[in-house]
Amino acid sequence: RWLSSPAPPPRVCVVGSGPAGFYTAQHILKHHGGALVDIYEKLPVPFGLVRFGVAPDHPEVKNVINTFTQTARSERCAYYGNVTVGRDVTVPELQQAYHAVVLSYGAEDNRVLGIPGENLPGVYSARAFVGWYNGLPENQDLKPDLSCETALILGHGNVALDIARILLSPLQLLRKTDITDSSLAALACSKVKRVWLVGRRGPLQVAFTIKELREMINLPGTRAVLDPADFTGLESAVKDAPRPRKRLTELMIKTALEKPVETQAAAAGAAAPREWGLKFQRSPQEVLPSADGRRPRGIRMALTRLEGSGDSAKAIPTGDVEELECGLVLSSIGYRSLPLDPAVPFDSQRGVIPNSSGRVEGVPGLYCSGWVKRGPTGVIITTMNDSFDTAQSVLEDLQGGVLDVSPSREGFGLVESILHSRGVRPVSFSDWEKIDAAEVARGKAAGKPREKIVDPVEMLQIIGH
Amino acid sequence: MAHGILGLMRPLRRGLSTSRARLVLLWAVTEPRQSPAKLWAERGFSSSQGIQDGPGQSRSEDEVTVHFINRDGERLTTTAKEGQSLLEVVVNHNLAIDGFGACEGTLACSTCHLIFDKEAFQKLGAISDEELDMLDLAYGLTDTSRLGCQVCVKKSMDGLTVRVPMDVADMRKQVEVGKQSKQ
C-alpha cells in the first residue's frame, strides 16, 4: 500500500551525460524518494569530458565512471543516447514531457584568438586536439601535422599541460593507455621535440595546478626549460599567499633555478632529451606563415607588462614584440558553450545560460548545471559541487511547490513518439554496455584498457541499430 | 503512507542509531539494486546479530569508533577496522556523505577531504607531496585538513571525530524530499 500514491512521480530530464549531468541526476535521485530522471546525450556513448577530455594517461580521474554507471543502472534513472536536443527533440517539447529540464550540455566550442594566421593549416584549437587523441568522433579527421620540431601552445592551463605531455611522452607509456590507435600512430611519427607554453601574464597567474606541473617536470626523457629571470622576486611575493598558490610558485622557482637534470633516458645515452618550457607575458599577435603559406613558421608576440596583481592582473602590451619559431600552434585559451535552442536564453558575451543557483532566468522549470551554467573551468569536484547546487534548486522547487507536479507528465513516453516520427533511434545504457565491452575486448590484445570506437556508425552497428 | 514505511522498519530500527535507520529507509525505498545496499546487507544487516548490536558496541574485528560530522551537522557514527582508510570506512558503511571519494582513493581528486581537530591532526602520519597537491584543490582547506583516503584508522583513534567540510556551493540547507513518504 505504501507504494501507491495520489500524486504522479516527478519526472526530470537532464540534457548531457557528462559529470554535470550525472552528478545532477545522482543528487536528485538520492535526495528524492520518487523522482524519475532521464539523461539524454547526443552521442551514442555517455560520460562527456570524462571520456573525451580527461587525458588518456590519467585513468584514475575516470574512476567517476563507476559511480555514474551505478546511477544509470538504478531503477529510477534511464539513459537515452544518440539524441540531439535542439534538433531531434526541442527544449519546449522536453518541457511538455517532464516536470523539470536540466541543461548540462557543457562547452563544445572554443574561444578564438582573433589574430591573423589563426586559420592556417597547422594551427589547431586545444579542444580539437584533445578530442582527436581521445577519440571524439567529430575530431577524428584532424590529421594534425606533427612533422616540425617546435610546437607552441598558447595558454597556461591544465589542458595546455596535458597536450604538452601527450606530445612529449615516451611512446611506451602512451601505448598502455586508452589513447586512440590512430593518434598513437601519428605520435610515433612525430618530429616534435620542443614544446613552449606561452601565456599573456606571469607565473603568479598560471591556471594549471601543481599535480599536472609536477608530472610534466618528472616526465621521462624530457627537461624543463624555465628562465630564472621570470621568477625574480616571486619567492617573497608568495610568502603570505594561500598555500596552493605558494606551493605551485615555489615548484616553478625551484625548477627554474635547478641545473637541467637529464632523466634516465638521456643518461643512458639515448637521444637528446625533449624539452618543454614556460614563456610569460607574451600575447600572440600573428601566426606567421611559411614561404608556401601552408603551415606556420613562427608566431609574433607582443611583450606585456602586468597591471594589478593576483587573479585580476591585466596584461598590457609594452610596444615591444618578439618572434618565436614554431611549426605547430595549439590554442588553449578556453572552451566555450553554444546556444542550444531558441527557447533557452543565452548570454553570448559570457558564453553561459543566465541563471541563479541553476534556475534559468525567466523560464520556470528549466535549470542548468556544469560548464554551461558557470563557465568552462574547473576540475571534476568543481562540477560536482555545482551540480549538487542545481540539484538542490530542483529539490527545493519540488518540495516547495514551485514546480507543479500535479499534472502527470509522460516523460520518455512522449519523447519516444517524437523521436520515432523523426527517424531517431535512441541508444540505451545496456546498448552502451555492449559498445563498452567491445572496446575493452579490442583493447585487451594491445594491452590497453580499451580501444575506443571512434565512428558512431560502427557504434550503432555493434548494437544492431 | 509515511507510517506504513516506518512501521515496517520499526523492528529493524530498534537498536540502530538514527542515521543508520535513515540509511536503511533510503535503501529500502529508493535504490534496492545499487551495490552500496548490497554491501550494507553483507555487513550483517540481514542477520539478527547485526540488528541487535547498538552503535559503540565493538566486535572483535571493528575495534575503532569514528564519528563523521556531515555537512548538515548530523553526526554519523560507525565502527572501523584498524588499517582501513577513512574513505574505505565511509564507503563500506555507505555513510550518506554526498560525492565522497570520486576517484576511489587514487589521489586524483579532493572529494574525501576531512577536517580534524588539532590534537588528532598532529598525531596523524606524515603527509606526502602527492596528497598535498590534491588537498590544495579542496574547498574550505584548513590547517588541519587531510584526504580521507590517505589516513588509516589506528586503535588509538577510537572515538575520533572528523568533519566533512562545507562545499562552496553547498551553503543552503540540505533538501530531502519524499524519503519518509511516497509522493
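In what follows, chains carry the letters A, B, and so on, assigned in the order in which the sequence lines appear, proteins first and then strands, with residues in each chain numbered from 1. If you're wondering where the values come from, they're calculated on a predicted model, not measured in any experiment.
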Quiz item: Hey, is CZ on B:R163 packed in by over 12 heavy atoms from elsewhere, all under 6.0 Å?
Solution: no
Self-check item: pair B:T106-A:N63: side-chain heavy atoms closer than 4.5 Å
Solution: yes
Quiz prompt | Closest approach of A:V61 to B:A108 (non-hydrogen atoms, all atoms of both residues) | solution = CG2-CB, 3.8 Å
Exercise. For each of B:C109, B:A138, B:G105, B:S110, tally heavy-atom pairs with chain A at distances under 4.5 Å, and name the one with the top tally.
Key: B:S110
Practice problem: Can you check whether anything in residues 118-132 of chain B gets within less than 4.5 Å of chain A, heavy-atom wise, and list it by number? | Solution: B:D129, B:L132
Quiz item: Can you tell me how far CE of B:M134 sits from CD1 of A:I210, rounded to the nearest 0.5 angstrom?
Solution: 11.0 Å
Quiz item: What heavy-atom pair brings A:Y23 and B:A102 nearest, and what distance separates the two atoms?
Solution: OH-CB, 3.6 Å
Quiz item: If you tally heavy-atom pairs under 4.5 Å against chain B, which of A:E60, A:M384, A:K62 wins?
Solution: A:E60
Quiz item: Salt bridge or not for A:R247 and B:D133, using N-O below 4.0 Å?
Solution: yes
Quiz prompt | Atom pair CG/CD1 of B:L137 and A:I381 - distance to nearest 0.5 Å | solution = 8.0 Å
Quiz item: Who are the side chain to side chain contact (heavy atoms under 4.5 Å, CB included) partners of A:L36, not counting sequence neighbours?
Solution: A:P9, A:R11, A:R76
Quiz item: Which bit of A:R245 is near chain B, if near means a heavy-atom gap under 4.5 Å: side chain, backbone, both or neither?
Solution: neither
Quiz item: Atom CD of A:Q392 and atom CG of B:D98: how far apart are they, to the nearest 0.5 Å?
Solution: 8.0 Å
Self-check item: Contact class of A:T382 relative to chain B, heavy atoms under 4.5 angstrom
Solution: both
